[in-house]
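Scroll down for the structure; my scribbles are underneath it.
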Amino acid sequence: MNYQNYSSIFTTPVEKIGIRIVDDTLTNINWLPDNVPILDSNSSFSNKIQSLILQYLEDGRPLPDIPMTLTGTAFQLKVWNALKNIKMGHVITYGDLASKLQTSSRAIGQACRTNPVVIFVPCHRVVSASGIGGYMGKQNRINIKTWLLEHEKVNA
DNA sequence: GATACAGGCTTGT
DNA sequence: ACAAGCCTGTATC
């Protein structure tokens, strides 16, 4: 988990985003603090990913399936895969997803937290049964989650 | 509201 | 192998 070697770092309507590409597959997308310097895209593939993300965040265009290389435990891959099936503007609770995967709600949160590819794996569409839930383990990141949900609600 | 405990999984010792 | 910590849920006061 080092914060160098991004393929591209750019500004979005929400916050800065850094993406990492390996062998023309997407491996990481991260929200970055505002003081991180911009990094120009260094390949046509990362160019394409960058514009897909911007189209989604600016115009609400749904994200297509693109080549990704996700590294994680079998359980995490199962959860992330289930999340990709949630449609735009639709949400599910940790508990619902847990019973669907025959596990516990807390394990779902744990898997969502380590999601390496935000937005493409829509961990923000999983909410708590009694509220919005958390986002990336930090309270100050919840505004991103609510922003995305509002954004999708308008565009659904 | 708060507080306690159950619960599956990851990560660090 | 053990313990602690999680983007939780339910029960209970």
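In this text, all values refer to a predicted model and were calculated from it rather than measured experimentally. Reminder, nothing fancy here: chain letters follow the sequence lines and each chain counts from 1.
Remark: the backbone N or O of A:S99 is not paired with any side-chain donor or acceptor of A:T103 at under 3.5 angstrom. Judged by distance alone, with hydrogens and angles left aside, the side-chain atoms of A:K145 form a donor-acceptor pair with the main-chain N or O of A:I132 at under 3.5 Å. Judged by distance alone, with hydrogens and angles left aside, the side-chain atoms of A:R125 form no donor-acceptor pair with the main-chain N or O of A:G89 at under 3.5 Å.
For DNA chain C, the stems formed by at least three consecutive Watson-Crick or G-U pairs, with both atom-pair distances below 3.5 Å, span B:1-6 with C:8-13, B:8-13 with C:1-6.
The stretch residues 78-93 of chain A participates, sequence neighbours left out, in these side-chain hydrogen bond (donor to acceptor under 3.5 Å, both in side chains) pairs: A:T93-A:D96.
Atom P of nucleotide B:dG8 and atom CD1 of A:I108 are separated by 12 Å, given to the nearest angstrom. For the pair A:L101 CG and B:dG7 P, the computed distance is 19 Å after rounding to whole Å. Taking atom CZ of residue A:R141 and atom P of nucleotide C:dC6, one finds them 17 Å apart after rounding to whole Å. Here C:dT8 presents its C1' atom at 18 Å from CE of A:M136, a figure rounded to the nearest Å. Look at CG on A:D96: it is 9 Å from P on C:dG9, rounded to the nearest Å.
Contacts of A:P37 classified as side-chain contact (heavy atoms from CB on, under 4.5 Å), with partners at least two apart in sequence or in another chain: none. When the salt bridge (Lys or Arg N to Asp or Glu O under 4.0 Å) test is applied to A:E15, the partners found at least two apart in sequence or on another chain are A:R141. Not counting sequence neighbours, the partners of A:K153 by the side-chain hydrogen bond (donor to acceptor under 3.5 Å, both in side chains) test are A:E150. With sequence neighbours left out, A:S46 forms a side-chain hydrogen bond (donor to acceptor under 3.5 Å, both in side chains) with A:S41, A:S43. A:W147 pairs by the side-chain hydrogen bond (donor to acceptor under 3.5 Å, both in side chains) definition with nothing, not counting sequence neighbours. When the side-chain hydrogen bond (donor to acceptor under 3.5 Å, both in side chains) test is applied to A:Q50, the partners found at least two apart in sequence or on another chain are A:S8. Qualifying ring-ring contact (aromatic ring centres under 6.0 Å, His included) partners for A:F75, counting only residues two or more places apart in sequence or in other chains: none.
Rounding to the nearest 0.5 Å places CG of A:L54 at 11.5 Å from CZ of A:R61.
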Filtered N/O pairs between nucleotides 11-13 of chain B and protein, under 3.5 Å:
none

Write down the protein N/O and nucleotide N/O pairs, taken from nucleotides 2-6 of chain B, whose separation is under 3.5 Å; answer none if there are no such pairs.
from: B:dA6; atom 1: N6; to: A:R106; atom 2: NH1; distance (Å): 3.4

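Within the structure, every side-chain polar atom (N or O) of A:S104 is placed at least 4.0 Å from both OP1 and OP2 of C:dT8.
A donor-acceptor pair shorter than 3.5 Å cannot be found between the side chains of A:N28 and A:Y6.
Residues from residues 77-89 of chain A lying near DNA chain C, meaning a heavy-atom separation below 4.0 Å, are absent.
Using a 4.0 Å heavy-atom criterion, one finds that A:G133 contacts no nucleic acid atom at all.
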